[in-house]
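Numbers here simply count residues along the sequence, with the first being 1. Computation of the quantities below employed the complete heavy-atom set of this structure, encompassing side-chain atoms and omitting hydrogens, waters and symmetry-equivalent molecules.
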Amino acid sequence: MTAATTATTMTPAELKAQEKAARAAEKARQKRIAKDEAAERRRAEKSGFANVNNPRRSVLMTVLCAIFAVYCLFPFVYLMINATKTQADFTSTFGLGFGHTFALWDNIAAVFTYQDGIFGRWLVNTLLYVVVGAGGATLLAIMGGYALAKFRFPGRKAVFAVIIGSISVPGIALAVPQFLLFAKLGLTNTPWAMIIPSLISPFGLYLMWIFSEQAVPTELLEAARVDGASEFRTFWTISLPLLAPGIVTTALFTIVATWNNYFLPLIMLKDADWYPLTIGLNQWKDQASTAGGQAIQNLVITGSLITIIPLVIAFLCLQKYWQSGLAAGAVKE
C-alpha cells in the first residue's frame, strides 16, 4: 500500500494529528540545530578560531557598520537632495529637505549652458587626463610589475627600494619641484602638465608586482616558452587574463586619483579652458566671494553630482573583477 493510498484512507482528524506531529518534529529539529550552532560558536571562542559557515552575530559590529555606511552615504544623499533645488531654495530651506520647486533638470541644463557651456569642456578635459594619464599609468604599472615579478636582472632589489621610497613620499611634496621642472620645459598651462605626472603610479606598480608574483605561475610561463611562444605572446595571451583583477584594481586607483586631482592642476594650469572638473567647480564655488560675483551654489552642487556619476558607474561595472582578486593567494593549492 503506497503513502498516497494510506493518506486517502486516513480520517481528517488523523491527518491533522500527523501534520501537527510533523510541525513539532521540524520545530524540535530547528531547536537542535540552533543549540548545536551556539555550542560550536562557544567552542570557537575558546579555541580562538571562527567558523565562516557559522559566524557569530555581533550587535556592536552591526551598529558600527551602519554608522560607517551612513557616514559614507551622507554626502551623496546631500548632493542628490540639493541638486533638485533652485538657488533661492538652496539658501532658504533645510539642507536635507527638498525645496519648493523640483529643479533638477533645469539645474542640469544650466550647468551645461552656463558660461557658454564651459562645464562640458572641463568634463572633456578630465576624461582626457583620465584616459591618457590614468590609462598610461595602468599600462606602465602592468608591464613594469610583471617584468619585476617574473624576470631576474641585476639591480632588481634597488628598484624595489626606489618604489617603496616613492610610495612613502606624498604627492603634494612633489608638486612644487614638478612645477619648476615643467616651467623650465615650457609645459605649464598645457595638458602635458597634467598627463605626464599622472603616468607615474608607484603604488600601482608595487600592486601589480605583488599580484603578478602570486597570480601567474612560473610553471605556466615555462610551459609556454617550451612550446615556442615569444615573451610578448606569453604575456598577452596567458599572463594578461590572469592579471585581470589586479589590472582593474590598479585602474580604479589611478582613475580616482586622476579624476580627483586638485592641487596639481591648481598650480600647473591658468587657462580655464584646460581646467579639470575639480578646479572648475571650485572656481564656480568662489565666484560669489568676488566683487560683483553671482552665487550659483545650486549649479556647483548639481555639477558635483554629475562629476561623481562616472566614478560610481566605473565601480559598479568593475566590482566583480575587483572582488574576484581580493582573496587571490589566500588559499594554497
Side-chain angles (χ1 to χ4, degrees), residues 118-148 155-212 246-287 290 300 303-304 307-308 310-311 314:
I118 197 170
F119 181 86
R121 177 62 185 266
W122 294 340
L123 179 60
V124 172
N125 293 340
T126 304
L127 292 174
L128 172 66
Y129 303 149
V130 167
V131 171
V132 181
T138 303
L139 180 62
L140 292 176
I142 295 168
M143 296 189 297
Y146 175 79
L148 289 169
R156 183 169 173 269
K157 292 184 178 180
V159 173
F160 178 77
V162 171
I163 293 174
I164 295 298
S166 301
I167 295 174
S168 63
V169 177
I172 194 171
L174 302 175
V176 174
Q178 286 175 350
F179 172 78
L180 296 176
L181 175 61
F182 279 82
K184 288 288 184 180
L185 297 174
L187 295 178
T188 55
N189 204 31
T190 65
W192 296 109
M194 285 292 299
I195 293 173
I196 294 177
S198 300
L199 292 174
I200 308 301
S201 177
F203 179 75
L205 178 59
Y206 176 75
L207 182 64
M208 288 306 305
W209 184 350
I210 300 303
F211 192 85
S212 300
I247 293 172
V248 170
T249 303
T250 304
L252 286 175
F253 276 116
T254 54
I255 288 172
V256 172
T258 306
W259 192 278
N260 294 333
N261 199 348
Y262 175 79
F263 191 72
L264 183 64
L266 180 65
I267 66 173
M268 289 288 189
L269 303 176
K270 295 182 180 179
D271 188 356
D273 289 337
W274 290 117
Y275 281 173
L277 289 169
T278 51
I279 302 300
L281 289 174
N282 186 68
Q283 186 185 59
W284 279 5
K285 178 182 72 69
D286 295 338
Q287 178 175 305
T290 59
V300 175
S304 301
T307 299
I308 67 173
L311 292 180

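In this view, Arg156 and Glu213 satisfy the salt bridge (charged side-chain N to carboxylate O under 4.0 Å, His left out) rule, not counting sequence neighbours.
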Start with the C-alpha gap between Phe119 and Thr307, add the side-chain angles, then the distance that decides, and say whether side-chain contact (heavy atoms from CB on, under 4.5 Å) holds. CA-CA 10 Å; Phe119 181 86; Thr307 299; 4.2 Å; yes
Checking Thr249 against Phe211 for the side-chain contact (heavy atoms from CB on, under 4.5 Å) test, could you report, in this order, the C-alpha distance in whole Å, the side-chain angles of both residues, the deciding distance, and whether it holds? CA-CA 10 Å; Thr249 303; Phe211 192 85; over 6 Å; no
So Val169 and Leu174, side-chain contact (heavy atoms from CB on, under 4.5 Å) or not? Walk me through it. CA-CA 8 Å; Val169 177; Leu174 302 175; 4.0 Å; yes
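No hydrogens or angles considered: nothing links the side chains of Asn261 and Tyr129 as a donor-acceptor pair under 3.5 Å.
Here the OG-CD1 distance, from Ser168 to Ile163, works out to 12.0 Å after rounding to the nearest 0.5 Å. To the nearest 0.5 Å, the span separating CG on Leu277 from OH on Tyr262 amounts to 13.5 Å. Taking CG of Leu181 as the reference point, atom OG1 of Thr188 lies at 11.0 Å (rounded to 0.5 Å). Atoms CG and CD1, on Leu207 and Ile142 in that order, are 10.5 Å from each other to the nearest 0.5 Å.
Between Trp122 and Tyr275, the ring planes are tilted. Angles from 30° to 60° get that label.
Residue-environment remark: OH (Tyr206) stays at or below the threshold of 12 foreign heavy atoms within 6.0 Å.
The nearest pair of heavy atoms linking Gly145 to Leu205 is N-CD1, 3.2 Å. Taking all atoms of both residues into account, the shortest heavy-atom contact from Ala137 to Thr254 is CB-CG2, 4.1 Å. For Ile247 against Thr138, the heavy-atom pair with the smallest separation is O-CG2, 4.1 Å. Counting all heavy atoms, side chain and backbone alike, Leu269 lies closest to Pro276 at CD1-CD, 4.0 Å. Contact detail for Ile267 and Val176: the closest heavy-atom pair is CD1-N, 4.4 Å. Here the closest non-hydrogen pair linking Leu127 and Trp259 is CD2-CZ3, 3.6 Å.
When side chains are defined from C-beta on, Leu266 does not count as touching Asn282, because their heavy atoms never get closer than 4.5 Å.
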Anything under 3.5 Å between a donor and an acceptor, one on a side chain of residues 189-203, the other on a protein residue two or more places apart or in another chain? List them.
| unit_1 | atom_1 | unit_2 | atom_2 | d |
| --- | --- | --- | --- | --- |
| Asn189 | OD1 | Lys270 | N | 2.8 |
| Asn189 | OD1 | Asp271 | N | 2.8 |
| Thr190 | OG1 | Leu187 | O | 2.3 |
| Ser198 | OG | Met194 | O | 2.7 |
| Ser201 | OG | Gly204 | N | 3.2 |

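Counting only distance, with no hydrogens or angles, the side chain of Asn125 and the backbone of Asp273 share a donor-acceptor pair below 3.5 Å.
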